[in-house]
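Down below is the structure, laid out as structure tokens.
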Amino acid sequence: MQTKMWRGDCAEDIKAAAECLQAGEVVAFPTETVYGLGANALDEEAAQKIYAAKGRPSDNPLIVHIAEQKQLEGLVSQVPPKARALMAAFWPGPLTLVMPRAEQVPDCITGGLPTVGIRMPDHPAALALLKACGLPLAAPSANTSGKPSPTHAEHVYHDLAGKIAGIIDGGPTAVGLESTVLDVTVEPPVILRPGGVSQEAIEQVIGPVQADTSLRRSEGVPKAPGMKYKHYAPEAAIIICQGTPAEIASQLQMILAQEKRPLGLLISEETRALLDKVPSGAIVRILGRRAQPETLAHDLFDALRWFDEQPVEVIYTEHFPDEQIGAALMNRLNKAAGAASL
Ligand code: TXA
Ligand code: MG
């Protein structure tokens with residue numbers, strides 16, 4: 001299949017992409033978090049094409065994207081009051097709400113669960129596409145299963161060219177990490193996946209919520225089925241150095257003197273400033289500033305993909321502050337690293 005490239009700011013291109021979706025095809029589109037791989041959420045055959053293109057296990061449910069709250073009718077059987085408050089505060093935006101499903105939502109969207117995850121993306125091309133096709137769109141991140149989520153149209157092309165009808169190019173995505181997934185069918189609500197809306201921000205609107213504790217332990221089955229799979233893994237090993245920037249810098253200085261393998265550093269501007277000797281063979285990528293964690297989140301997936309093109313066997317990185325968006329950042333980095341941290 002030839003994969004078409006469309007422009008997110010061109011009305012004719014959006015119309016062409018919408019027609020593909022109406023015909024049951026699969027189209028990648030930008031959101032404010034990462035690129036999504038969309039298909040008609042009410043058409044089982046179309047949704048199956050998503051799993052096939054990504055190589056994704058089919059017990060892992062898909063998030064349904066909508067452009068207007070009235071589309072919830074037909075997707076959910078009930079909207080809990082806390083969900084209403086959260087929609088008013090954060091939609092459109094990077095918050096997925098897990099609610100009781102309506103009967104007509106196909107099992108292949110929900111992975112057979114009694115719930116469905118729904119969000120309204122905050123991106124003009126995504127909203128224009130949703131309106132033009134008039135359908136709710138099931139859309140996971142538009143990467144090959146196991147790889148970092150795509151934050152540029154080129155990442156999608158790299159993973160999925162030839163396997164999908166087309167890609168809408170909206171440039172780099174703003175947040176760079178996926179949405180927060182919040183289960184509002186339980187009391188208190190549970191964060192199944194940390195993401196673009198922080199726990200602190202959610203709690204300001206609806207009071208205390210719980211983090212899914214199985215996310216932090218190695219045992220236990222996370223309630224968001226997607227959290228149990230290997231994820232975000234670059235080809236090189238990743239090792240996370242712990243401590244203050246000064247402690248991290250002194251560990252790195254020692255590692256740089258001793259490590260025999262071709263190595264990369266994925267570090268903050270602050271940590272780079274504390275390193276005095278970096279051998280010319282080391283491949284360094286500055287991720288952003290610890291003082292501005294959204295810069296770190298914005299580039300993490302791009303950096304992990306970039307390292308796949310570099311001749312490195314091991315990537316040393318640092319434990320970044322894990323408040324606000326930092327919680328989602330460290331969740332993804334820990335997954336990319338497996339258990340390896342110093
Ligand atoms: O930012 C995002 O959320 C992006 C963009 C494209 O919207 N989408 C995304 O989708 O990250 P995906 O499929 O890569 O991740 C969805 C996560 C998975 O961990 C899945 O298990 C969980 O949400 N999820 C979806 N529906 C669920 C449900 N009904 N119950 C529990 N977890 C659910
Ligand atoms: Mg994903």
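From a predicted model like this one, the values you see are computed outputs, not experimental measurements. Whatever order the structure lists them in is the order used to number ligands and atoms, beginning at 1. When reading the values below, keep in mind they use all heavy atoms of this one structure, side chains included, and skip hydrogens, waters and symmetry mates.
Taking every heavy atom of R56 and a limit of under 4.0 angstrom, the matching atoms of ligand 1 come to 12 (P), 13 (O), 14 (O). Against a heavy-atom cut-off of under 4.0 Å, T115 is close to the following atoms of ligand 1: 28 (C), 29 (N), 30 (N). Each of the atoms 29 (N) of ligand 1 lies under 4.0 Å from some heavy atom of V116. When each atom of ligand 1 is checked for a heavy atom of V181 under 4.0 Å away, the hits are 23 (O). Listed by number with element, the atoms of ligand 1 under 4.0 Å from a non-hydrogen atom of N60 are 18 (C), 20 (C), 21 (O). Atoms of ligand 1 found under 4.0 Å from any heavy atom of G36 (numbered from 1 in listed order, with element): 6 (C). Close contacts between ligand 1 and L192 involve ligand atoms 31 (C), 32 (N) [criterion: under 4.0 Å to a heavy atom]. Near H65, with a cut-off below 4.0 Å to any heavy atom, the atoms of ligand 1 are 5 (C), 6 (C), 7 (O).
Of all the heavy atoms in R290 and I248, the pair that sits closest is NH1-CD1, 3.9 Å. Here the closest non-hydrogen pair linking D169 and E154 is OD2-OE2, 4.4 Å. The two residues Q71 and P136 make their nearest non-hydrogen contact at NE2-N, 3.9 Å.
For ligand 1, one of its N or O atoms has an N or O atom of R193 under 3.5 Å away.
Contact annotation: for R101 versus ligand 1, there are no heavy atoms closer than 4.0 Å.
A salt bridge links E178 with R332: the distance from a Lys NZ or Arg NE/NH1/NH2 to an Asp or Glu carboxylate oxygen falls below 4.0 Å. Between D302 and R285 there is a salt bridge, since a side-chain N of the basic residue sits under 4.0 Å from a carboxylate O of the acidic one. In this structure, K82 pairs ionically with E187, as a charged nitrogen and a carboxylate oxygen lie closer than 4.0 Å.
Here S141 meets the criterion, with an N, O or S atom under 2.8 Å of the Mg ion (ligand 2).
Side chains of D276 and Q253 form a contact here, defined as non-hydrogen atoms less than 4.5 Å apart.
Seen from the ring of W91, R119 does not count as a face-on cation partner, given the 6.0 Å and 45° thresholds.
For I63, the closest heavy-atom approach to ligand 1 falls below 4.0 Å.
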